[in-house]
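Predicted model only: the values in this text are computed from it and were never measured.
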Amino acid sequence: MTSGRTTATSRAGSGGFRCSGCGAESIRWAGRCVRCHEWGTLEAQAPVPRRGSALGGARTAAAAVVTVPAQSVVAVDVTAARRRPTGIDELDRVLGGGLVPGAVLLLAGEPGIGKSTLLLEVAARSAAGGARALVVTGEESAAQVRLRAERTGALEADLWIAAETDLAAVLRHVEEVRPALLVVDSVQTISAAGVDGAAGGVTQVREVTAALIRTAKALGLAIVLVGHVTKDGLVAGPRLLEHLVDVVLHFEGERHSTLRLLRAGKNRYGPADEVGCFEMDDGGIHGIADPSGLFLSRSGGAGVAAVPGTCVTVTMEGRRPLVAEVQALVAESSAQVPRRAVSGLDPARVAMILAVAERRAGIRYGRSDVYTATVGGVRLAEPAADLATALAVVSAARDRALPAGLVAIGEVGLAGEVRAVGGVPRRLAAAARLGFRRALVPTGSGTVVEGMTVTEVPDLVGAIARMYET
């Protein structure tokens with residue numbers, strides 16, 4: 001009797017197997033993918049035809065006609081590759097100045113976060129500036145997109161809409177309309193004839209993306225692809241998709257909040273550490289030029305009463321400082337195992353900070369539930385927020401509020417030391433602009449800010465000892 005594994009292996013021949021979830025390839029069948037650990041996703045692939053010897057391949061390549069001769073780098077004309085501003089300042093900040101002709105961008109985000117609304121606005125701004133834009137939607141009808149355009153004020157004569165799910169039809173629209181900007185919403189809904197698999201599968205997404213990239217490079221056309229995400233927040237489809245495109249953008253935000261953050265995970269033409277801030281309302285999505293104060297529950301002025309368990313820090317998103325508030329609550333637990341809940345912070349770093357505070361500073365949390373969170377839905381992954389998190393937890397445990405107008409910046413190490421972080425002058429300048437008048441920073445920062453008292457602390461114990469000074 002032949003087993004299922006033997007039968008699957010014989011069907012595959014020499015083609016091997018590919019995971020339909022992540023695209024990982026394997027020479028043998030297995031019940032579970034070794035990369036994404038999903039069960040039953042390995043599918044047999046057709047055998048790859050032999051290409052002959054390496055010498056024969058080299059001779060064939062040598063006989064090929066060179067269509068574009070090699071040039072000296074100083075002789076290459078870059079006029080056609082100059083950036084075109086999108087008209088949305090926050091998006092241009094993340095892109096490094098605008099869209100590059102011939103570039104392919106991938107915008108990923110959770111459902112309902114506002115990806116389609118943002119790109120419709122981008123297409124409308126492009127059309128209003130004289131650069132024709134084409135929006136291809138595979139998830140909505142043209143009439144539905146028109147209704148959204150009316151609601152957000154994105155009606156432009158040079159904004160074209162097509163509802164298509166076939167790759168050949170999309171390329172025909174591009175040939176007929178000749179746009180300067182193409183938006184495909186979404187790449188997982190487009191399928192290519194003659195390619196195995198359903199739309200959204202690994203093979204289809206890869207082939208569709210490769211065809212669109214060739215079109216972008218050949219026509220000097222900027223293309224923005226909308227991508228779905230998995231339950232873990234990663235771009236759905238093969239990892240190769242992120243390697244193929246030039247720019248990978250992530251649109252983030254809490255479903256119940258109007259704030260949206262746009263981050264660049266990859267950018268071949270500009271910085272990959274910038275963040276754009278947007279606000280979403282009934283009229284569409286609008287950029288926020290100065291997000292300072294959006295992540296505070298109260299003002300930092302000295303006349304405002306402080307609350308136990310809160311501490312303000314300044315995080316750097318690219319070159320932009322963001323003043324954010326960390327909140328903590330320590331309550332006596334009735335459970336045998338106390339609860340640790342984290343929102344907006346790295347759970348591993350919070351657990352480390354609690355252990356350091358208990359071991360080095362003698363703050364006991366063993367019989368208490370500890371809740372930590374940020375204000376406004378911002379995510380603080382930077383280690384510079386460690387000191388503020390520690391002081392917020394200490395303040396909550398002692399039920400004693402920190403002085404109003406205090407900001408804490410620094411990374412906490414396992415030995416309890418407060419390590420230096422970059423950009424301290426810019427961070428403190430942003431805090432001072434909002435009315436903060438006292439700061440705790442790592443030793444050696446050497447920062448002087450007019451109107452602000454800056455105190456350097458060597459370790460967490462020293463910071464706790466000086467955090468109540470006024």
Side-chain angles (χ1 to χ4, degrees), residues 18 23 25 48-86 91-107 122 126 129-134 136 167-168 170-184 187 190 192 194-195 202-225 227 235 237-249 264-274:
R18 179 182 290 120
E25 296 184 352
V48 179
R50 298 180 61 117
R51 299 182 181 273
S53 65
L55 180 59
R59 289 173 178 170
T60 303
V65 178
V66 178
T67 57
V68 180
Q71 304 179 60
S72 170
V73 66
V74 297
V76 176
D77 184 14
V78 297
T79 304
R82 297 294 184 187
R83 298 180 184 275
R84 292 199 301 261
T86 63
L91 178 58
D92 290 340
R93 171 195 291 271
V94 178
L95 295 177
L99 292 171
V100 176
V104 179
L105 292 76
L106 175 63
L107 176 63
V122 172
S126 175
R132 180 174 295 180
L134 171 62
V136 176
L167 176 62
V170 173
L171 297 180
R172 283 198 300 270
H173 283 300
V174 171
E175 185 178 356
E176 295 172 357
V177 177
R178 291 289 176 178
L181 172 64
L182 171 64
V183 176
V184 179
V187 68
I190 308 299
V195 179
V202 174
T203 306
Q204 284 285 354
V205 170
R206 182 177 57 189
E207 294 300 325
V208 169
T209 303
L212 292 175
I213 290 176
R214 290 193 296 268
T215 302
K217 306 304 180 185
L219 302 179
L221 168 66
I223 299 180
V224 183
L225 307 176
V235 179
R239 195 69 177 180
L240 180 64
L241 179 62
E242 297 183 52
H243 292 282
L244 289 175
V245 300
D246 301 306
V247 182
V248 179
L249 303 177
K266 170 189 175 182
N267 192 350
R268 287 176 178 166
Y269 310 116
D273 57 354
E274 284 290 353

Does V122 form a side chain to side chain contact (heavy atoms under 4.5 Å, CB included) with V183? I'd like the steps, not just the answer. CA-CA 9 Å; V122 172; V183 176; over 6 Å; no
To the nearest 0.5 Å, what is the distance between CD1 (I223) and NZ (K217)? 9.0 Å
Of I190, L244, L241, L225, the one forming a side-chain contact (heavy atoms from CB on, under 4.5 Å) with V205 is L241
Has Q204 got a side-chain atom pairing as donor or acceptor with V195's backbone, closer than 3.5 angstrom? yes
For a quick test of your reading: what N or O donor-acceptor pairs under 3.5 Å do the side chains of residues 92-107 make, sequence neighbours left out?
unit_1, atom_1, unit_2, atom_2, d
D92, OD1, T86, N, 3.1
D92, OD1, T86, OG1, 2.7
D92, OD2, T86, N, 3.4

For the residue pair L212 and L167, establish whether any side-chain heavy-atom pair is separated by less than 4.5 Å. yes
Supply the atom-to-atom distance N267 CG to D273 CG, rounded to the nearest 0.5 angstrom. 10.0 Å
Name each donor-acceptor pair under 3.5 Å that joins a side chain in residues 172-182 to protein atoms two or more places apart or in another chain, with its distance.
unit_1, atom_1, unit_2, atom_2, d
H173, NE2, E164, OE2, 3.1
R178, NE, E175, O, 3.4

Set of salt bridge (charged side-chain N to carboxylate O under 4.0 Å, His left out) partners for R268, sequence neighbours left out: D246
